[in-house]
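Remember, it's 1-based here, ligands and their atoms both numbered in the order they're listed.
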Amino acid sequence: MALESAGVHPVPVAVDHEGIDVAQGRVMAPAAASALVTPGQQAPMGVSLSPARRKALIDWARESHSWIIEDDYLAELHLEGRALPALASGDGADRVIHIGTFSKTLAPMIGLGFIVAPRGLVKRLTEMAWWLATPPNNAVQIALTRFMRDGHYFRHLRRTRQIYTERRSLLCDTLQRCNVPVALGAGLSVILPQPSGFDDARLALQAREALLAVSPLSAWFAKGSRARSGIILGVANIRSERVEADCHHLLTLMRSTS
Ligand SMILES: Cc1ncc(COP(=O)(O)O)c(C=O)c1O
């Protein structure tokens with residue numbers, strides 16, 4: 001929606017167990033100027049772009065002189081193993097515009113993001129940023145720079161990853177005890193897949209009224225595609241003393257919706 005409102009014509013490309021289907025993208029959008037991807041962990045299913053697909057994407061960008069916009073939205077909070085290196089850090093980086101924010105790692109309210117781009121684009125990007133929005137507060141930028149330089153950011157990330165991993169285990173264990181059939185771990189979420197036809201958007205609204213902030217999987221699918229139904233549970237805000245009761249409450253709502 002953001003791309004459309006900026007006058008771009010986005011073409012949705014399918015994602016499978018290896019990530020974005022680059023061959024399909026070539027056929028569907030032969031003249032694409034850029035590809036917007038989340039290669040580290042696909043949003044929202046969590047699959048990482050396979051090495052073969054990474055190469056295919058870079059080959060496409062090189063051949064067609066197009067750009068890869070890499071939204072590395074969860075790299076710092078990769079809970080399992082090591083995060084794969086960013087596309088912007090390896091061979092092919094000259095075709096990659098890497099974007100990120102501090103919304104998840106610190107807080108959305110600080111309103112800071114960053115772009116890592118090939119040197120030739122820096123002037124143009126700086127001009128665009130200048131016209132698009134008010135520059136972020138200087139004091140916040142300076143404070144964050146010092147926070148990083150003095151090593152606090154990396155300590156904070158280490159601690160945050162540990163806390164989120166514990167919360168995710170607690171949520172998964174609780175769901176298992178409640179006999180919830182399949183729970184896919186994806187990024188900072190756990191997804192409960194639902195049968196097709198299950199109205200996940202309605203369930204999410206009902207849950208919200210009961211102060212359970214879950215979100216529907218179907219909302220992530222492009223218009224006109226076959227959306228899958230599911231419930232996305234965030235792990236970051238889990239309260240250990242409430243998780244059992246909240247899961248029971250949610251499951252009761254799910255049974256009454258199906
Ligand atoms: C795919 C994706 N990219 C980026 C972001 C970060 O966006 P923002 O910093 O505007 O919250 C999110 C947040 O949920 C996301 O899901």
From the candidates Asp71, Ile110, Asp72, the one that places a heavy atom nearest atom 1 (C) of ligand 1
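Closest candidate by heavy-atom distance is Asp71.
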Min over Ile99, Leu74, Thr101 of heavy-atom distance to atom 7 (O) of ligand 1 lands on Thr101
For Trp220, atoms of ligand 1 separated by under 4.0 Å from a heavy atom:
16 (O)
Which ligand 1 atoms are under 4.0 Å away from a heavy-atom of Ala43?
1 (C)
Applying side chain to side chain contact (heavy atoms under 4.5 Å, CB included) between Leu157 and each of His152, Glu76, Gln162, report the one that passes.
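Single side chain to side chain contact (heavy atoms under 4.5 Å, CB included) partner of Leu157 among His152, Glu76, Gln162: Glu76.
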In Å and rounded to the nearest 0.5 Å, what is the CD to CG distance from Glu244 to Asp173?
10.5 Å
Under the side chain to side chain donor-acceptor pair (under 3.5 Å) rule, what do Thr105 and Tyr153 come out as? Steps first, then yes or no, please.
CA-CA 9 Å; Thr105 53; Tyr153 186 57; 2.9 Å; yes
State whether the shortest distance between N or O atoms of Ser103 and N or O atoms of ligand 1 falls below 3.5 angstrom.
yes
Could an N or O of ligand 1 be found under 3.5 Å from any N or O of Tyr73, whether backbone or side chain?
no
Within a 6.0 Å radius of atom CZ on Arg146, are there more than 12 heavy atoms belonging to other residues, nucleotides or ligands?
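At most 12 heavy atoms, drawn from other residues, nucleotides or ligands, come within 6.0 Å of this atom.
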For atom CZ of Arg155, is the number of surrounding heavy atoms from other residues, nucleotides or ligands below 6.0 Å larger than 12?
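Yes.
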Starting from atom 13 (C) of ligand 1, what is the nearest protein heavy atom, named by residue and atom, and what distance separates them?
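The closest one turns out to be Lys104 NZ, 2.7 Å.
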Side chain, backbone, both or neither: Phe102 near ligand 1, heavy atoms under 4.0 Å:
neither
Give the ring-plane orientation class for Phe102 versus Phe114, where under 30° counts as parallel, over 60° as perpendicular and anything between as tilted.
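Because their plane-to-plane angle lies in the 30° to 60° range, the rings of Phe102 and Phe114 count as tilted.
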